[in-house]
Amino acid sequence: MCGMRPLPGFRDFYPEDCARRGYLLDGWRAVACRHGFVEVDGPVLESMDLYAKKNESGAEILGQLYQFTDRGEREVALRPEMTPTLARMVIAKERDYRKPLKWFSIANFFRYERQQKGRLREFIQFNADLLGDASTAADAELISLAIGVLREFGFTRDDFVIRLSDRRAWMDFLAARGCDEGAARAVLAIIDKLDREPEASLDAKLAPHGLTVAELRAFIAAASPEHFAPLLDQFEARGLREFVEVDLSIVRGLAYYTGLVFEAFDRGQSMRALAGGGRYDNLLADLSDGSVNLPAIGFGLGDVVLGNLIEETPRAREKMERALGAAPAAEIYVVIAGEARRREALGLVQSLRDAGWRTDFPLDAAKVGRQFQTADQLGARFAVVVGNEWPAVKIKTLATRAEDSVAHGALAEWLKTAHV
RNA sequence: GUGGCCGUAGCUCAAUGGUAGAGUCCCAGAUUGUGAUUCUGGUUGUUGCGGGUUCGAGUCCCGUCGGUCACCCCA
């Protein structure tokens, strides 16, 4: 009310929302580290030049920037993606690091677009990039990370698939059909819409290039597996072959991709791509005017679509709920049964906290029944009752309602054995 | 930027153009030290906002803001 809502496309994170977000970020970070990637980050605010330089033709992209003039008269923008920042960082200090670079980042991004399912104006994205290695082994390593991230949340081959494609296959095909590079780019944009636009309208767009939808579909259907055989073998060796398939209809929208491109989809096809990426072997050289020439491959994965798919997939949702349930607001609730013992209870609370237990207690005098109810609602495993029996305390295991009694000095030991 | 649908209590939703309601949540209590149920009581509304039609508008019309979905775009 009172107009005190967050801006369109922006989110408040209440405790349960923060817990969910933490679950996603922890999973991303854990899997990336497990794959030998290290974390990097950059500023939320960047100079406009960083984006203007990369997208000479991208007036559309510039129009989606949160852009303004700062108090120092600088033209700046909130970051809409990680790649320009990453490219700048790599170009500046790449000689300080052994190759290949295996970097990942977890960052929030801002795009001024109308929101819809799976798309907001501020979102969080996991980005991973492998730089300085142009091999198929590097391709497989990066895509395996994408698979690993999705599997981490409980998804299986029944839930998602990575579609592999290669722009070089298309460029060779189109060159053989007489398209120059500019025409080929235009055709790629049309291929990107194959399933979304009526065939007749696509045929009309293809006519100037001497092509038809039928011919494109025939090429997609005839996708030569030999070309992908070395890559597919890498997944075979990792036991991940079932998570990938070749699909040349994937071309991705960005102009800077130079070869392999891929997208992750939910098997139900009920939402937009979960993740997408590809090779951009020329970008660093282009941005650094040739001074840094590193091949690179990377992908991004957003929190919004991933969160939606987790909610819609029972196996994944249950896994998340288990994880969140395992981290209650309090493990131990100290019940103060007699206010005369509040000082002793405070000392006990402090010692439990120092010992590493998530501990809570009532700030005000309250009925014992109410205190137990609070303990229950916080998700505590144990209630420790401090009252007349001091220096002994009662320990109640809330789930079983079993009660035990120990000297307060022996509580830490009791909890340690009970916890195992 | 374009279009469809939607906007009523904190939340989920009712109400033929005729007195704005239910459930839930939250708070308090049910003979003073034991939590899931139950019972009782209580708070909460400029019906998103602004105009218009009408004797009368939550309801119909226009605008606006927001939500949602699709187009555009997808880094």
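Convention: sequence-line order gives letters A, B, ...; per-chain numbering from 1.
The separation of B/rG45 from B/rC39, taken at their P atoms, amounts to 27 Å, rounded to a whole angstrom. For the P atoms, the distance linking B/rG48 with B/rU8 amounts to 6 Å, nearest Å. For the C1' atoms, the distance from B/rC65 to B/rC26 is 30 Å, rounded to whole Å. With both ends at atom C1', the span from B/rC72 to B/rG52 equals 35 Å, rounded to whole Å. Straight-line distance between the P atoms of B/rC71 and B/rG18: roughly 40 Å, to the nearest whole Å. For the P atoms, the distance from B/rG21 to B/rU46 is 15 Å, rounded to whole Å. Comparing the C1' positions of B/rG29 and B/rU64 gives an interatomic distance of 47 Å, to the nearest angstrom. Across B/rU24 and B/rU38, the matching P atoms stand 9 Å from one another, rounded to whole Å.
Rounded to a whole Å, the CH2 atom of A/W390 is 16 Å from the C1' atom of B/rG33. Separating the OH atom of A/Y14 from the P atom of B/rG10 is a distance of 13 Å, rounded to the nearest angstrom. Going from atom CG of A/L188 over to atom P of B/rA75 covers 13 Å, rounded to whole Å. Distance CZ (A/F372) to C1' (B/rU37): 18 Å, rounded to an integer number of Å. Between A/R272 atom CZ and B/rC72 atom C1' the separation is 11 Å, expressed in whole Å. Per the geometry, NZ belonging to A/K396 stands 12 Å off C1' belonging to B/rA36, to the nearest Å. Taking atom CZ of A/R252 as the reference point, atom P of B/rC74 lies 10 Å away to the nearest angstrom. Remark: C1' of B/rC72 and NZ of A/K205 are 11 Å apart, rounded to the nearest angstrom.
Nearest to the side chain of A/K193, among B/rC73, B/rA36, B/rG33, sits B/rC73. Considering only the side chain of A/N388, B/rG33 comes nearest among B/rG33, B/rA75, B/rU68. Checking B/rG35, B/rA75, B/rU68 against the side-chain heavy atoms of A/Y257 singles out B/rA75 as nearest. Closest to the side chain of A/P8, out of B/rG67, B/rG35, B/rC69, is B/rG67. Residue A/K367 places its side chain closer to B/rA30 than to any other of B/rA30, B/rU68, B/rA75. Closest contact between the side chain of A/R111 and the listed nucleotides B/rC69, B/rA75, B/rU34 involves B/rA75. For A/Q64, the side-chain atoms get nearest to B/rA75 when compared with the rest of B/rC69, B/rG67, B/rA75.
Looking at which nucleotide of RNA chain B each of A/L120 and A/E263 is closest to, the 5′-most match is held by A/L120. Between A/M82 and A/Q373, the one whose closest nucleotide on RNA chain B sits nearer the 5' end is A/Q373.
A salt bridge is absent between A/R88 and A/E94; no separation between the charged side-chain nitrogens and carboxylate oxygens falls under 4.0 Å. Between A/R279 and A/D166 there is no salt bridge, since none of the side-chain N atoms of the basic residue sits less than 4.0 Å from a carboxylate O of the acidic one. Using a cutoff of 4.0 Å between basic side-chain nitrogens and carboxylate oxygens, A/E81 and A/R111 are not scored as salt-bridged.
Seen from the ring of A/F110, A/R79 does not count as a face-on cation partner, given the 6.0 Å and 45° thresholds. Geometrically, A/R121 engages A/Y112 in a cation-pi contact, judged by NZ or CZ lying under 6.0 Å from the ring centre and within 45° of the ring axis. In this structure, A/K319 forms no cation-pi arrangement with A/F153, as its terminal cationic atom is not both closer than 6.0 Å to the ring centre and no more than 45° off the ring axis.
Side-chain N/O atoms of A/R370 include none lying less than 4.0 angstrom from OP1 or OP2 on B/rC27. The shortest distance between the side-chain N/O atoms of A/Q116 and the OP1/OP2 oxygens of B/rC69 is not below 4.0 Å. In this model, the phosphate group of B/rG67 is approached by a side-chain N or O of A/Q115 to a distance below 4.0 Å at OP1 or OP2. Here A/K117 does not reach the OP1 or OP2 of B/rG67: none of its side-chain N or O atoms lies under 4.0 Å away.
In this entry B/rU19 has no Watson-Crick or G-U wobble partner, no candidate having both defining distances under 3.5 Å. Across all strands shown, B/rG42 forms a Watson-Crick or G-U wobble pair, both distances under 3.5 Å, with B/rC26. Under the Watson-Crick or G-U wobble criterion, with both distances below 3.5 Å, B/rG7 is paired with B/rC65. With a cut-off of 3.5 Å on both Watson-Crick or G-U wobble distances, the partner of B/rG1 is given as B/rC71.
Residue A/G369 is classed as a sugar-phosphate contact, given heavy-atom separations below 4.0 Å to backbone atoms only. Residue contacts shown for A/R114 include a base, since a base heavy atom lies under 4.0 Å away. Here A/G118 lies out of heavy-atom contact (under 4.0 Å) with every strand. Note on A/E389: a base of the nucleic acid sits closer than 4.0 angstrom, heavy atoms only. Nucleic acid contact for A/V335: none, since no nucleic acid atom lies under 4.0 Å from a heavy atom of the residue.
In this model, no donor atom of one side chain and acceptor atom of the other lie less than 3.5 Å apart for A/D281 and A/Y256.
Ring-plane geometry between A/W414 and A/F382 is classed as perpendicular, the angle between the planes exceeding 60 degrees on a 0 to 90 degree scale with a lower cut at 30.
Judged by atom type and distance alone, A/E403 reaches the base of B/rU34 through a side-chain donor-acceptor pair under 3.5 Å. Scanning atom types as modelled, one donor and one acceptor separated by under 3.5 angstrom connect the side chain of A/R119 and the base of B/rC73. Between the side chain of A/E113 and the base of B/rG1, no donor-acceptor pair under 3.5 Å is found.
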Exercise. For the pair A/R11 and A/E122, evaluate salt bridge (Lys or Arg N to Asp or Glu O under 4.0 Å) and give the outcome as yes or no after the intermediate values.
Key: CA-CA 8 Å; A/R11 292 172 286 180; A/E122 181 189 8; over 6 Å; no
